Engineer: 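Questions regarding the structure given below will be posed in turn.
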Amino acid sequence: LNFPLMKKIRQLVRDTEAKGEGKIAVNVTTNASLLEGEILDWVLETDWRYKVSLDGPARVNDRWRILPDGTGSYDIISRAVARMVEKFPERVTILSVICPGADPAEIYKAADDLGASSMEMNPMLHPDETQTGGPEDIEMYKRFIHDYCERTLKNDENKPKTLFLKFDHFIKRLMGYIMARVYCGAGRNYLGVGPRGEIYACARFSGLKAYQLGDVFNGLDHEALRRFQEGAGAPVERREPCKDCWAACICQGPCFAFAEELGPGNHRPAPLMCQYELATAEAVFHYHNRAKEENPEQLLQFLPGLEDFMNQ
């Protein structure tokens, strides 16, 4: 985390907005290992959104996320998240990696216990598939996502509090509210900035020279951006095997960074990631069909802009 650069970006954002060029949304992805003292106090005064990496409770997270002194990072991360949630809970998202042997239900509960408004969860990927999770890990994820859907449907005192973004995105796409040909807006309606001011399609490409699209000091390289949109960031109908997959309309293709950095190459998704996406799609289809029969009013909560409309 480059604190001086963050302050410079904040001033650039303010200067741009002062010219009447619209509101700029800033998202910061961080492992929170430096979010203490002056830096944390500064963060708490911004209106940015923060995505914080945390891989579950201390006994799980601290096996994988180790500080330079060899100790686990859970304590410092959880303290920072607690302060942020106290100040702006709606702007804190937990990013979790499902490491081999870790139970997604425990990972979700760790984010929920900290009071984060939302969380993302993806399996650990590696070009060497012997280093990743196996069938038992996929089965644990299936149990988690089906339980999440069941608790959402029941809508009682045990309903999920922290929004699982994969579920939210899939149900909205299934209902036709988010129609797109790409996984996300990376390299299109948002960009990532590296610690030295480099511009990438998103933060997950940070540090990879082949995917740099310019820098904040000299602006975008539009030719590099075009190559990205036609290559690594290509739409789902131009990807193999996505164009023939029944779930492509709600999955909308792989995370560009995951596919490029950890997939088999040539813009193809990592096969393990596809298994998790298919498990989510199946659970969401099941939830949607049951909700239509048992509690159709519940599906109204997924209407885009509903909360703003109800508050008018």
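Keep in mind that what you see is a predicted model, and the values were worked out from it rather than measured. Residue numbers start at 1 and run along the sequence shown.
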Engineer: Only one of Leu67, Ile66, Asn31 clears side-chain contact (heavy atoms from CB on, under 4.5 Å) with Ser73; which?
Structural biologist: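 Option passing the side-chain contact (heavy atoms from CB on, under 4.5 Å) with Ser73: Leu67.
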
Engineer: With distance as the sole test, does Ser117 use its side chain to make a donor-acceptor pair with the main-chain N or O of Pro89 at under 3.5 Å?
Structural biologist: yes

Engineer: Is Glu139 paired with Lys142 through a side-chain N to carboxylate O contact shorter than 4.0 Å?
Structural biologist: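 Glu139 and Lys142: salt-bridged.
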
Engineer: For His267, does its backbone N or O pair with a side-chain atom of Arg239 as donor and acceptor, under 3.5 Å?
Structural biologist: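 Yes; judged by distance alone, with no hydrogens or angles, the pair exists.
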
Engineer: Given the side-chain rings of Phe228 and Phe205, with only the six-membered ring counted for Trp, is the space between their centroids under 6.0 Å?
Structural biologist: yes

Engineer: Check each of Tyr148, Tyr108, Tyr276 against Tyr141 using the ring pair (Phe, Tyr, Trp, His ring centres under 6.0 Å) test, and report the only one that passes.
Structural biologist: Tyr276

Engineer: Quick one: which of Leu174, Ile178, Asp168 gives a side-chain contact (heavy atoms from CB on, under 4.5 Å) with Phe302?
Structural biologist: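 Only one option passes, and that is Asp168.
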
Engineer: Around Arg181, counting heavy atoms of other residues, nucleotides and ligands shown, do more than 12 lie under 6.0 Å from its CZ?
Structural biologist: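 Incorrect, the count does not exceed 12.
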
Engineer: Which salt bridge (charged side-chain N to carboxylate O under 4.0 Å, His left out) pairs, counting each pair once, include a residue from residues 89-108, with sequence neighbours left out?
Structural biologist: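 Checked against salt bridge (charged side-chain N to carboxylate O under 4.0 Å, His left out) - neighbours excluded - the pairs reaching residues 89-108 are Arg59-Glu106.
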
Engineer: Output yes when Arg238 and Glu230 qualify as a salt bridge under the 4.0 Å nitrogen-oxygen rule, no when they do not.
Structural biologist: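 Here Arg238 does not pair with Glu230 in a salt bridge, since their nearest N and O are not under 4.0 Å apart.
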
Engineer: In terms of heavy-atom contacts, does CD of Glu294 have more than 12 from other residues, nucleotides or ligands at under 6.0 Å?
Structural biologist: yes

Engineer: May I ask you to say whether Lys209 pairs ionically with Glu198, meaning some side-chain N is under 4.0 Å from a carboxylate O?
Structural biologist: no

Engineer: Please say whether more than 12 non-hydrogen atoms of neighbouring residues, nucleotides or ligands are located less than 6.0 Å from CZ in Arg63.
Structural biologist: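 Open: at most 12 neighbouring heavy atoms sit under 6.0 Å from CZ of Arg63.
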
Engineer: Is a side-chain N or O of Thr46 found less than 3.5 angstrom from the main chain of Trp42, in a donor-acceptor match?
Structural biologist: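 Checked: no pair found.
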
Engineer: Does a donor on one side chain and an acceptor on the other come within less than 3.5 Å for Asn289 and Glu293?
Structural biologist: no

